[in-house]
> 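What follows is a structure written as structure tokens; I'll ask about it next.
Both backbone and side-chain heavy atoms feed into the values below; hydrogens, waters and symmetry mates do not. All figures in this text were calculated on a predicted structure; none of them were measured in a lab.
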Amino acid sequence: MNKNSTLVRCIIILIIILTANSLKAQDTLPKLKFSQPHLISGTDGQVNATYKFADVTSGIDAYITIENIVNGAYLVTIDDSTLGYYNAWQPTVGGNGLYGSSYIKWDIKFEDKAGQNYKFPKLAATAIDIDGDNARVR
């Protein structure tokens with residue numbers, strides 16, 4: 001093997017490494033901060049109520065709307081920042097205490113400051129303690 005082909009191979013490997021690192025840097029997940037929600041339309045805790053969380057990330061607002069309330073569920077609070085992870089969106093949903101499923105169906109959308117829909121290339125979400133037993137985190 002001559003020196004030129006070794007040099008070309010090294011340059012190609014370097015380009016691949018730099019490209020991979022560049023893609024990895026662009027592939028990071030956004031860190032969202034949900035705080036101080038405001039009811040902007042509808043009746044608090046009812047179907048079609050929409051809450052705005054301003055600046056969940058730089059220049060992006062989140063709008064959360066109650067789409068449906070099923071089987072006796074009710075909204076206790078749209079965001080409980082006294083427990084858990086302060087920056088997370090942590091709604092508290094109550095139920096009728098009867099066996100079966102009760103829940104709230106949400107619509108979550110993001111908009112930039114010009115009011116245009118914003119779509120994150122990637123977004124991670126985790127649901128914690130959604131069983132509603134008030135005893136264990138599951």
Side-chain angles (χ1 to χ4, degrees):
M1 182 180 294
N2 66 38
K3 286 173 100 177
N4 287 339
S5 68
T6 303
L7 179 60
V8 169
R9 215 180 258 176
C10 287
I11 291 173
I12 290 172
I13 290 170
L14 182 58
I15 289 171
I16 291 170
I17 290 170
L18 291 175
T19 302
N21 285 340
S22 174
L23 290 174
K24 196 179 279 185
Q26 294 172 5
D27 203 25
T28 58
L29 297 171
K31 292 182 180 180
L32 303 181
K33 180 179 181 180
F34 289 82
S35 64
Q36 299 178 342
H38 296 282
L39 178 68
I40 60 167
S41 69
T43 302
D44 189 25
Q46 301 301 310
V47 172
N48 296 321
T50 299
Y51 303 86
K52 178 181 178 182
F53 289 83
D55 291 312
V56 292
T57 192
S58 183
I60 304 297
D61 299 329
Y63 294 86
I64 298 178
T65 301
I66 298 175
E67 282 192 343
N68 199 4
I69 299 175
V70 178
N71 200 19
Y74 57 91
L75 183 64
V76 175
T77 181
I78 187 64
D79 187 38
D80 183 356
S81 60
T82 63
L83 295 171
Y85 178 53
Y86 179 77
N87 291 337
W89 171 48
Q90 302 179 121
T92 303
V93 176
N96 56 22
L98 302 175
Y99 181 77
S101 295
S102 61
Y103 59 91
I104 294 179
K105 182 179 178 190
W106 310 94
D107 176 69
I108 304 169
K109 72 177 184 175
F110 300 95
E111 291 183 0
D112 64 19
K113 293 301 180 184
Q116 299 297 308
N117 286 336
Y118 182 82
K119 184 177 178 181
F120 290 97
K122 284 191 171 188
L123 187 65
T126 302
I128 300 173
D129 200 18
I130 59 172
D131 66 324
D133 72 354
N134 286 331
R136 294 172 298 276
V137 176
R138 298 187 272 182

> Can you tell me how far NZ of Lys119 sits from CD1 of Ile60, rounded to the nearest 0.5 angstrom?
14.0 Å

> Please confirm whether Phe120 and Tyr118 have ring centers closer than 6.0 angstrom.
yes

> Does any part of the side chain of Asp44, heavy atoms only, come nearer than 4.5 Å to the side chain of Ile78, both counted from C-beta?
no

> Under the side chain to side chain contact (heavy atoms under 4.5 Å, CB included) criterion, do Asp79 and Phe53 qualify, and how do the steps go?
CA-CA 10 Å; Asp79 187 38; Phe53 289 83; 3.9 Å; yes

> Where the side chain of Asp55 meets the backbone of Ser58, is there a donor-acceptor pair that is under 3.5 Å apart?
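Side chain of Asp55 to backbone of Ser58: no pair is present.
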
> Specify the closest pair of heavy atoms between Ile69 and Gly45, including all atoms of both residues, with the distance to one decimal.
CD1-O, 3.4 Å

> Any side-chain heavy-atom pair from Val70 and Lys105 closer than 4.5 angstrom?
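Contact flag for Val70/Lys105 side chains = no.
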
> Write down the atom of Val47, the atom of Asn68, and the distance for their closest heavy-atom approach.
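Scanning both residues completely, I find the closest heavy atoms to be CG2-CA, 4.1 Å.
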
> Shortest non-hydrogen contact from Leu29 to Leu123?
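Where Leu29 meets Leu123 most closely, the heavy atoms are CD2-N, 3.9 Å.
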
> Check Ser102 against Gly72 and note the closest heavy-atom contact, atom names and distance.
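In terms of heavy atoms, the two residues are closest at CB-C, 4.4 Å.
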
> Provide the closest heavy-atom pair for Glu111 versus Tyr63 in the form atom of the first, atom of the second, distance.
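Looking at all heavy atoms of both residues, the closest pair is OE1-CE1, 3.6 Å.
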
> Side chains of Thr57 and Phe110: does their closest heavy-atom pair fall under 4.5 Å?
no

> Determine the minimum heavy-atom distance between Tyr86 and Ser35, stating which atoms define it.
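Closest heavy-atom pair between Tyr86 and Ser35: OH-CB, 4.2 Å.
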
> According to the interplanar angle, ranging from 0 to 90°, do the rings of Trp89 and Phe34 count as parallel (below 30°), tilted (30 to 60°) or perpendicular (above 60°)?
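Correct class here is tilted.
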
> Mark yes or no for whether Gln90, through its side chain, and Leu83, through its backbone, hold a donor-acceptor pair below 3.5 Å.
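Confirmed, Gln90 side chain pairs with Leu83 backbone.
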
